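Here is the structure we will look at.
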Amino acid sequence: MDTKTGKVRSALVVGGGIAGPVTAMALEQAGIKATIFEAYDGPAENVGGGMGLSPNGVQALDAIGVGDAVRAVSTPTEGLILHSWNGKTLARFGTLPGIDPTRFVMRAELFGALRRAAEERGIETVYGKRIVDATEDADGVTARFEDGTTATADVLIGADGLRSTVRRLIDPAAPAPQFAGTAGFGAMVHVDDVPPTEGWMHMTFGKRCFFAWQVFPDGTGIWFINLPVPQPLSVNQQRERGAAYWLDHLRQLCADDNTPAARMLAATEPETMLFAGSAENMPLPTKTSRVAWSRGRLVLTGDAAHAPSSSSGQGASLAAESAVELARCLRDLPLPQALARYEELRRPRVERIIKETARTNSRKAAGPVARVIRDALLPTMFKLAKPESRAWQFRYPIDFDAPVA
Ligand SMILES: Cc1cc2nc3c(=O)[nH]c(=O)nc-3n(C[C@H](O)[C@H](O)[C@H](O)COP(=O)(O)OP(=O)(O)OC[C@H]3O[C@@H](n4cnc5c(N)ncnc54)[C@H](O)[C@@H]3O)c2cc1C
């Protein structure tokens with residue numbers, strides 16, 4: 001800690017997913033030494049599945065010079081087309097004027113690009129370090145890991161995801177992630193009998209589940225399904241039933257809908273099927289409960305602080321934005337003020353997005369009556385909504401060098 005200014009000089013960044021490396025790189029750029037501690041034994045090279053990276057997320061990466069590394073491993077998309085179960089188009093969401101397109105990236109490629117960028121900047125990632133406790137004194141904060149080792153710095157940043165341990169260290173009574181009513185399945189397939197979608201992702205609010213697909217010019221396709229479930233379904237519970245069971249079950253559930261689900265499910269190799277467990281998000285504050293983002297020298301970022309529902313397409317991008325903003329605040333302000341300002345800058349935006357995307361999720365889990373109302377109302381709602389009304393989500397330029405007041 002700089003004794004004259006009260007600003008931090010070193011940081012322990014817990015979690016090597018998306019928020020972790022981005023925070024560490026932003027801190028290094030701010031002149032703060034950062035080390036990443038990741039629970040897994042090595043880099044996450046085999047994590048499956050693709051994801052959408054929103055333009056605001058890429059803007060945040062641009063603020064620290066990492067945007068091009070991520071552009072190199074991702075492809076721009078045209079947008080989304082929403083359908084009702086019978087194939088009727090409910091809405092098209094193309095790229096907004098003046099805003100870059102959302103990019104499609106394989107999760108493993110995104111993790112790899114961020115890891116390499118951090119390595120190139122000389123940032124150390126220490127693997128096999130699962131944080132279990134942290135203690136603070138006037139000189140710093142010490143993290144204790146499951147293997148009995150410790151590490152000390154001026155500040156400890158919890159970028160340890162939705163099931164964050166650091167969140168519980170900050171507040172043992174912190175609210176847990178909440179179940180969003182659906183469970184996720186997906187796969188990457190090769191299909192000859194489903195036409196390429198020319199950069200568009202199609203999404204169908206089916207009679208019994210939500211089906212999304214995109215097919216690339218070489219016949220590679222991705223699909224994912226959000227299945228309304230009455231109670232949480234864990235990845236282990238999904239696995240126990242086995243891929244063959246789910247492929248058959250999902251095929252039956254999608255049978256009435258006008259989509260290529262049957263062909264894409266039939267083309268899925270059971271061993272490549274992805275189980276995503278239940279969709280969850282961090283609850284919004286209520287009168288009686290609110291996730292504390294910081295305490296003393298401990299602070300949260302990314303999903304640990306503010307996870308929107310996984311189907312929002314915003315989780316990774318909000319994580320990148322918060323990571324960069326946290327580093328700016330720590331660079332320019334003494335510790336307590338830095339953490340207060342960070343929260344002030346970020347909470348209104350992330351909570352607004354969590355609220356909006358929770359609404360999307362409830363549309364996916366609609367019952368038969370709600371489904372008819374939804375399909376009747378959505379086209380008009382989308383027609384009336386001006387494209388600009390969505391722009392605030394996707395436009396979030398950060399001037400990294402601008403001082404934080
Ligand atoms: C099925 C699914 C689809 C999604 N699709 C999208 C999408 O299309 N677009 C989008 O923007 N977002 C999407 N998301 C959300 C996105 O994945 C998250 O918002 C994003 O990964 C958050 O990044 P993070 O770094 O905060 O957390 P994570 O990526 O979860 O990283 C946390 C890291 O911390 C480590 N860790 C955990 N506990 C400890 C501990 N005790 N000690 C040390 N390390 C620890 C973990 O191993 C992990 O590496 C999706 C999520 C899911 C589940």
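In listed order, ligands and their atoms are each counted from 1. If you're wondering where the values come from, they're calculated on a predicted model, not measured in any experiment.
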Hey, are Glu351 and Lys355 close enough for a salt bridge, meaning a charged N less than 4.0 Å from a carboxylate O?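 No, Glu351 and Lys355 are not salt-bridged.
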
His202 and His83 aromatic ring geometry - parallel, tilted or perpendicular at 30°/60° bounds: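 It falls in the parallel class, under 30°.
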
My understanding is that only one of Phe216, Phe210, Phe211 makes a ring-ring contact (aromatic ring centres under 6.0 Å, His included) with Trp213; could you say which?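 For Trp213, the ring-ring contact (aromatic ring centres under 6.0 Å, His included) check succeeds only for Phe211.
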
Residue that, paired with Gln214, satisfies side-chain contact (heavy atoms from CB on, under 4.5 Å) out of Glu198, Met203, Met201: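 Only one of Glu198, Met203, Met201 forms a side-chain contact (heavy atoms from CB on, under 4.5 Å) with Gln214, namely Met201.
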
For the residue pair Gln59 and Asp100, confirm or rule out a side-chain donor-acceptor distance under 3.5 Å.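 Note: Gln59 and Asp100 side chains miss the donor-acceptor criterion.
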
Going by the rule ring pair (Phe, Tyr, Trp, His ring centres under 6.0 Å), which residues pair with His249 if we only count those two or more places apart in sequence or in a different chain?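 Ring pair (Phe, Tyr, Trp, His ring centres under 6.0 Å) list for His249, sorted by chain: Tyr245, Trp246.
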
Neighbouring protein residues of ligand 1 - any heavy atom closer than 4.0 Å: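 Under the 4.0 Å cut-off, ligand 1 touches Val14, Gly15, Gly16, Gly17, Ile18, Ala19, Phe37, Glu38, Ala39, Tyr40, Met51, Gly52, Arg107, Lys129, Arg130, Ile131, Ala159, Asp160, Gly161, Thr165, Ala276, Gly302, Asp303, Ser310, Gly313, Gln314, Gly315, Ala316, Ser317.
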
